[in-house]
2 protein chains.
Amino acid sequence: MSDNQTDKTVEMVSETHASKRPYADALLRLKQVGLRPTRQRMALAKLLFDGGDQHITAEDLHGMARKATVKVSLATVYNTLHQFKESGLLREVVVGPGRSYFDTNTHAHHHFYVEPAGELVDIPVDSVELSRLPSPPDGTVMDRVDVIIRVTQA
Amino acid sequence: MSDNQTDKTVEMVSETHASKRPYADALLRLKQVGLRPTRQRMALAKLLFDGGDQHITAEDLHGMARKATVKVSLATVYNTLHQFKESGLLREVVVGPGRSYFDTNTHAHHHFYVEPAGELVDIPVDSVELSRLPSPPDGTVMDRVDVIIRVTQA
DNA sequence: TTTCTAGTTTAGAATTGTTTTAAACTATTG
DNA sequence: CAATAGTTTAAAACAATTCTAAACTAGAAA
Ligand SMILES: [Mn+2]
Ligand SMILES: [Mn+2]
Ligand SMILES: [Zn+2]
Ligand SMILES: [Zn+2]
């Protein structure tokens, strides 16, 4: 519901005001989670959320920023990604040692992991049916279930 | 079947010959995958496979070796873990950025990941029912499905 | 046995990905 | 405008892993 609302706003902005107010959506998101809309965060938010679902590494995002001539340090990229993750604007998906991606799709969903390309592909949550799950170990409570289907390029 | 056979051998060895021939099982495993039974590999194999299923990091294993007064470098521990993994003697399970475990249970199975303890608990494959899976992206073929249930200490 | 050789181990350097530090900077509030 | 809390950054530090190149060793051949 809150997600739905956000999505609607995004659509509106990108469809009707994007050229006039290209930072409206980024600004909104930052306001919603209580982070100051600094130049760097605005630019990173725009890069992250302006182009559909993405699975991106910190280095990738830093590279995109540089290509877009946004002056931002790698440390800030890391800071920002973690703040966005803590705020629920992003999820982190870990697929291999030293391979972690930030995912702009924060809805419940699963992943194909294509090796050796190292590419992540979303799987809608309802196209996987987990009809039986074991109960968690004593003294623990279930947080979430991640399904990663590892596939290889034929 | 091949697994079954191995398991039977392990049992036999540990039950009837362990005290007399404590390296018989390790030797067998190395022979089976065509790796020379060096002092270091034998010792690591023994540490890994002699005590039920384990989820262990490279540092952990190196620590265990040191405690058992086995002289082996960390580089060799890494080499060996990767060789064992490539040979199918071990699996690698990645649960978080910079958190990867080597798993002595090579049968198909899933995991609870207990946070923040960082502990892995096996889930038998048949206690999870994956009744529907999407087809892999074009040009790829499914390798395996990993289910990680993240749980938190209550 | 004694070579011979390919495979193995190792210390140490290097690399990768990420975090920390502490000083400079900036968005917001009064 | 201050004043201040939050933010950014270069640089150093860190953790995990890999690489390098030289020394060592298991197994095969002589
Ligand atoms: Mn590895
Ligand atoms: Mn992280
Ligand atoms: Zn995703
Ligand atoms: Zn396991």
Side-chain angles (χ1 to χ4, degrees), chain A residues 23 26-47 55-66 68-87 89-90 92-102 116 118, chain B residues 23 26-47 55-66 68-87 89-90 92-102 116 118:
Chain A
Y23 290 94
L27 185 60
L28 233 148
R29 292 195 191 235
L30 294 184
K31 285 236 164 108
Q32 273 169 9
V33 300
L35 290 170
R36 286 190 186 172
T38 64
R39 204 179 314 285
Q40 292 86 343
R41 278 207 280 243
M42 289 289 282
L44 294 177
K46 205 161 122 60
L47 288 172
H55 302 100
I56 205 175
T57 66
E59 294 275 0
D60 286 345
L61 182 57
H62 190 232
M64 287 174 61
R66 287 228 19 82
T69 64
V70 174
K71 207 197 140 213
V72 59
S73 73
L74 186 54
T76 294
V77 170
Y78 275 105
N79 288 343
T80 303
L81 286 172
H82 287 140
Q83 288 158 348
F84 284 8
K85 178 188 171 186
E86 272 150 44
S87 310
L89 258 34
L90 290 176
E92 192 168 4
V93 183
V94 179
V95 286
R99 279 207 120 81
S100 110
Y101 294 88
F102 290 87
Chain B
Y23 290 94
L27 185 59
L28 233 149
R29 292 196 191 235
L30 295 184
K31 286 235 163 108
Q32 273 169 8
V33 300
L35 290 170
R36 287 192 186 169
T38 64
R39 203 179 316 282
Q40 292 86 342
R41 278 207 280 240
M42 289 289 283
L44 294 178
K46 204 161 122 58
L47 287 171
H55 303 99
I56 206 176
T57 66
E59 294 276 359
D60 285 345
L61 182 57
H62 189 233
M64 285 174 62
R66 288 230 16 83
T69 65
V70 174
K71 208 197 140 212
V72 59
S73 74
L74 185 55
T76 294
V77 170
Y78 275 106
N79 288 343
T80 302
L81 285 172
H82 286 138
Q83 289 159 347
F84 284 8
K85 178 188 172 184
E86 273 150 42
S87 309
L89 258 32
L90 289 176
E92 193 169 3
V93 183
V94 179
V95 287
R99 279 206 120 82
S100 109
Y101 294 88
F102 290 88

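Below, chain A is the first sequence line, B the second, and so on; all start at residue 1. Since this is a predicted model, take the numbers as computed values, not measurements.
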Point-to-point distance, once rounded to the nearest 0.5 Å, from CG of Leu90(A) to OG1 of Thr80(A): 10.0 Å
Straight-line distance of Glu59(B) CD to Tyr78(B) OH, nearest 0.5 Å: 5.5 Å
Under 4.0 angstrom between Gln83(B) side-chain N/O and dG7(C) OP1 or OP2: no
Short side-chain N/O contact to dT18(C) OP1/OP2 from Tyr78(A), under 4.0 Å: yes
Whole-Å distance between [N] [atom2] and [X] [atom1]?
| X | N | atom1 | atom2 | result |
| --- | --- | --- | --- | --- |
| Arg41(A) | dA27(C) | CZ | C1' | 10 Å |
| Glu92(B) | dT18(D) | CD | C1' | 13 Å |
| Asn79(B) | dG12(C) | CG | P | 17 Å |
| Tyr101(B) | dT17(D) | OH | P | 11 Å |
| Lys71(B) | dT8(C) | NZ | P | 18 Å |
| His62(B) | dA15(D) | NE2 | P | 16 Å |
| Met42(A) | dG6(D) | CE | C1' | 17 Å |
| Leu30(A) | dG6(D) | CG | P | 16 Å |

Between [X] (side chain) and [Y] (backbone), is there a donor-acceptor pair under 3.5 Å?
| X | Y | value |
| --- | --- | --- |
| His62(A) | Ala58(A) | no |
| Arg29(A) | Ala45(A) | no |
| Arg66(B) | Lys71(B) | no |
| Thr76(B) | Val72(B) | no |

Of Ala58(B) and Leu74(A), the one whose closest DNA chain D nucleotide lies more 5': Leu74(A)
Per-nucleotide protein contact string for nucleotides 22-28 of chain D, where B marks a base within reach and S marks sugar-phosphate only (heavy atoms under 4.0 Å, - for neither): ---BBS-
Which residues share a side-chain contact (heavy atoms from CB on, under 4.5 Å) with Met42(A), sequence neighbours left out: Tyr23(A), Ala26(A), Leu27(A), Leu30(A), Pro37(A)
Of the listed nucleotides dA11(C), dT19(C), dT8(D), the one nearest the side chain of His82(A): dT19(C)
Given dT7(D), dT9(D), dT10(C), the nucleotide with the shortest approach to the side chain of Ala75(B): dT10(C)
